[in-house]
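In this chain, numbering begins with 1 at the start of the sequence shown.
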Amino acid sequence: GPQEHHAKAGTPTMGGIIIFTAIAVPFLLLTNRDPRSLTVLGDMLELGAVESALHREVGTLAGEAGVELLVTVGPRAAAMLDTFDGEGYAVADAGEAAALTADLIAPGDVVLVKGSRGVGLEVVAPALAVAEAPRG
């Protein structure tokens, strides 16, 4: 495209802002804002305008929602740690996140493992399930 449009890279479009607002406002007004739902809202923010400020907002919301451990995957997600009050770690990939969470968490811990789309976070789920199993 035209050279002057390159300066706008990463800027959210009005359509994206309207769609996000149409979903976020009712969510915030009509739900109990449980941690899992707030995580989905954070994902929506990331999929729209990928900005460090938005990631820092997710870090703040995670702390307010009672998340005790935040593991971020990838360099963009690491900005969440700037405003997160709990224990937090930045890792390079999902495999590292799975190993780390398996070593750190115990049953009952509130954990958020957050990364950008396509980092393969599905490998973290088994590590979280093992941590929930009784140890004996």
Side-chain angles (χ1 to χ4, degrees):
Q3 191 64 30
E4 59 270 8
H5 288 209
H6 293 281
K8 298 190 301 183
T11 303
T13 62
M14 284 305 294
I17 292 170
I18 290 169
I19 290 169
F20 177 77
T21 303
I23 294 169
V25 170
F27 167 80
L28 292 171
L29 293 175
L30 302 174
T31 68
N32 63 358
R33 300 181 193 146
D34 64 283
R36 289 181 187 207
S37 297
L38 284 171
T39 302
V40 172
L41 189 63
D43 282 342
M44 289 176 56
L45 282 171
E46 180 179 12
L47 293 174
V50 182
E51 298 279 337
S52 292
L54 296 175
H55 286 261
R56 287 191 291 275
E57 176 99 13
V58 172
T60 300
L61 290 171
E64 291 172 0
V67 172
E68 299 165 326
L69 172 67
L70 173 61
V71 178
T72 64
V73 182
R76 287 185 171 167
M80 291 178 213
L81 297 172
D82 295 345
T83 58
F84 181 66
D85 289 336
E87 183 178 357
Y89 298 88
V91 298
D93 60 48
E96 191 177 345
L100 180 66
T101 55
D103 289 343
L104 291 177
I105 65 174
D109 286 350
V110 179
V111 179
L112 173 60
V113 180
K114 183 71 179 79
S116 300
R117 290 177 54 194
V119 297
L121 288 181
E122 64 275 2
V123 302
V124 179
L128 296 173
V130 168
E132 281 297 315
R135 297 179 187 181

CG on Leu81 to OG1 on Thr72, rounded to 0.5 Å: 4.5 Å
Nearest-0.5 Å distance that lies between atom OG1 in Thr83 and atom CG in Leu61: 8.5 Å
Closest non-hydrogen atom pair between Gly115 and Ala77, with its separation: CA-CB, 4.1 Å
Leu112 side chain reached by Phe84 side chain, heavy atoms, under 4.5 Å: no
Point-to-point distance, once rounded to the nearest 0.5 Å, from CG of Asp85 to CD of Glu68: 13.0 Å
Closest approach of Glu122 to Pro126 (non-hydrogen atoms, all atoms of both residues): O-CD, 3.4 Å
Closest heavy-atom pair and its distance - Ala94, Val123: CB-CG2, 3.5 Å
Under 3.5 Å donor-acceptor, Asp109 side chain and Val111 backbone: no
4.5 Å side-chain heavy-atom contact, Tyr89 and Thr101: no
Minimal non-hydrogen separation, Val113 against Ala97, with atom names: CG1-CB, 4.1 Å
